[in-house]
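Notes to accompany the following structure.
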Amino acid sequence: MTAATHSTLFPRAPESADAVLEGLDPEQREVATALHGPVCVLAGAGTGKTRAITHRIAYGVRAGILQPSSVLAVTFTNRAAGEMRGRLRQLGAQGVQARTFHSAALRQLQYFWPKAIGGSMPRLVDRKIQLVAEAAASAGTRLDRNELRDVTAEIEWCKVTQTVPADYPYAAAKAGREAPRDPNEIAHLYAAYEDLKRDRSVIDFEDVLLLTVAVLQDRHDIAEQVRAQYQHFVVDEYQDVSPLQQRLLDLWLGERDNLCVVGDASQTIYSFTGATPDHLLDFRARHPGATVVKLVRDYRSTPQVVRLANGLLAQARGRAAGHRLELVSQRPPGPEPVYTEYTDEPAEAEGAARRIRELIDAGVPAAEIAVLFRTNSQSETYEQALADAGVPYQLRGAERFFDRPEVRKAGLALRGAARFGGNDSLLDDVVDLPSQVRAVLSGEGWTTEPPAGSGAVRERWESLAALVGLAHDLAAARPAATLADFVAELDERASAQHAPTVQGVTLASLHAAKGLEWDVVFLVGVAEGMLPITYARTDEQIEEERRLLYVGVTRARERLHVSWALSRSPGGRAGRRPSRFLDGLRPGTTPTVGHTGSGTGGAGVERGFTAGAVAVPRRTQRTPARCRVCGRTLTDAGEMKLMRCEDCPSDMDEGLYERLREWRAVQAGRSGQPDFCVFTDRTLMAIAETCPETSAELARIPGVLSRKLRSYGADVLAICAGRKPDGLDGDD
């Protein structure tokens with residue numbers, strides 16, 4: 001569930017721009033009214049970040065400052081994008097594009113493909129795992145189910161970090177990744193996967209981003225057309241941006257700075273996919289004039305839950321820990337977190353199910369309870385325990401609500417009744433909307449009492465019951481609503497993936513629980529080897545595990561149960577111990593790690609500095625880049641790469657530039673990547689202008705990173721010296 005569930009489901013749109021600001025706290029209001037220039041919102045868990053940014057967009061639109069069609073808001077999940085669209089609709093800001101990075105990029109790629117590339121766009125594959133399996137088979141490699149999933153994840157990581165197959169072994173070692181197979185073997189499988197895609201004329205989701213970047217980078221006319229469309233950008237969950245997504249965002253922006261980013265470095269839990277909080281943490285350095293707003297008023301959790309969350313981060317180390325936000329609960333006091341130790345995992349699951357049964361019997365809705373675990377493999381034990389206790393449940397991350405067969409079938413029945421209801425005997429004696437919906441859905445399997453048990457029959461009933469509940473909510477908000485209005489509302493929600501609440505306890509991994517909240521949360525399996533997970537060995541990996549537990553804690557509004565088991569199975573050796581992250585936080589223990597400071601302080605606003613203001617000191621002082629022709633200080637990234645102003649005369653060796661482009665095309669073809677993944681046009685221009693003779697001279701050119709120097713340095717220096725690099729005129 002989300003916080004929106006506790007507000008009116010069908011509120012009236014505010015009557016004016018000023019009315020949009022009503023109910024916002026001082027910091028949220030600062031976010032909503034900061035509509036020009038770069039804005040960075042550091043938003044702790046439960047502090048109303050989605051509320052702040054949607055009211056920001058709505059205020060700008062309603063005040064006439066922003067044109068709805070010129071705003072692009074991007075986030076990371078369809079659910080989050082759908083929630084954002086729903087809130088904007090309720091605030092009277094229709095027409096704003098709220099999409100995931102992939103959805104926005106795909107839309108642009110489909111539109112510009114005929115103009116940029118020509119012909120039909122390759123088919124997009126929904127799931128790459130089958131192609132990876134076929135690529136492995138063609139390479140003579142057998143992968144079991146787990147290895148197949150892990151190799152697929154490595155390929156995805158390579159693509160979002162723009163790592164080509166040949167560079168994977170070095171890149172994986174540098175990033176401290178635990179490769180599921182020999183790194184050279186994974187590099188070979190990655191290359192085979194790219195070959196297979198090319199042979200079948202298909203692309204995957206990462207290709208959508210790569211190709212969109214390539215089009216915007218190489219076709220300035222198309223880039224300008226996109227920039228003319230979108231003038232204002234909002235990025236949610238900015239701590240989860242990958243290097244590839246940041247590159248796309250930079251191309252969307254161009255030279256402009258109307259950008260608002262929202263994030264929390266302490267909720268970075270997806271680094272294994274290539275996400276990095278560095279873009280968030282470096283935002284002020286990249287945009288010295290940025291306005292920074294900190295949201296720390298926690299409206300979600302009780303002081304007791306917030307105290308535990310703050311305590312977890314107080315023991316953290318690393319760069320993200322130095323930017324932690326100290327949350328301040330705005331809710332009345334509640335019960336202290338409960339810590340429970342069990343002999344084994346089945347006993348832990350049975351204990352959680354027993355307590356959940358007691359909570360439901362005491363009146364707590366099942367939909368307001370969640371069981372959160374570290375790995376999906378832990379789910380089965382809790383499914384069985386809840387079923388044995390007669391507790392309905394739903395798996396988070398399973399089939400989306402509006403894609404369920406019973407929901408699709410119910411939608412068809414409701415649509416038919418709305419159109420031809422006068423000829424439907426089921427509706428003869430009913431007048432109000434809820435009664436009409438109940439009458440129609442009774443023909444689809446809905447009954448006044450739920451069926452016994454918790455299997456497929458109960459799940460279908462819960463789906464239909466959620467639709468009945470939505471009809472009651474709509475009728476309460478709009479007494480004159482008709483069955484046709486209800487069908488229209490369902491269509492809107494299906495488009496936004498804004499599902500109604502299903503009455504069942506939620507089972508979810510900690511990763512899947514991000515962005516959600518419940519009244520009662522059971523954090524299970526909080527033991528060494530699971531949190532932190534066994535394969536988390538480096539300091540960075542351990543700290544991400546700590547942040548994962550922090551995310552789990554901050555999902556709870558009122559009650560939090562934390563448990564662990566001493567052994568995996570009954571009769572097993574009791575060799576486990578509670579997670580080190582709980583040391584000093586649960587009664588009778590002391591901290592194992594000292595904290596590194598008090599975080600970033602309380603709520604507040606830091607204005608971008610202007611003339612006469614004192615600049616925020618940087619960690620390091622860099623010598624300003626100056627044009628090597630006229631001496632002017634350079635600020636544009638492209639000009640800094642060339643080391644000259646755009647309009648200053650170029651002394652580029654045109655012949656050398658063309659030879660470098662030909663060589664780049666060969667390298668890109670071999671790796672199956674776009675040309676820019678080897679070197680961008682500007683980097684090649686800079687090389688052709690400076691004509692380096694040594695590796696040291698080549699390394700001084702912006703864009704020639706150490707990895708690329710190792711991979712391509714010898715070839716580039718050979719071309720600059722007038723020689724052909726080895727293999728350039730081979731069979732490729």
If you measure from the Lys or Arg side-chain nitrogens to the Asp or Glu carboxylate oxygens, is any gap between [X] and [Y] under 4.0 Å?
| X | Y | result |
| --- | --- | --- |
| Lys514 | Asp240 | no |
| Glu83 | Arg87 | yes |
| Glu543 | Arg547 | no |
| Glu156 | Lys159 | no |
| Glu406 | Lys409 | no |

Identified side chain to side chain donor-acceptor pair (under 3.5 Å) partner of Gln108 from the options Tyr230, Trp113, Trp252: Trp252
Whether Gln267 side chain and Val551 backbone form a donor-acceptor pair below 3.5 Å: no
Under 3.5 Å donor-acceptor, Arg256 side chain and Arg227 backbone: yes
Student check: side-chain heavy atoms of Phe112 and Arg219 closer than 4.5 Å: no
Nearest non-hydrogen partners of Asp485 and Ala481, listed with the distance: OD2-CA, 3.4 Å
Distance-minimising heavy-atom pair for Ala52 and Leu295: CB-CD1, 4.3 Å
Neighbour count >12 (heavy atoms, 6.0 Å) for atom CD, Gln67: no
Polar contact flag, side-chain donor to acceptor under 3.5 angstrom, Tyr238-Gln245: no
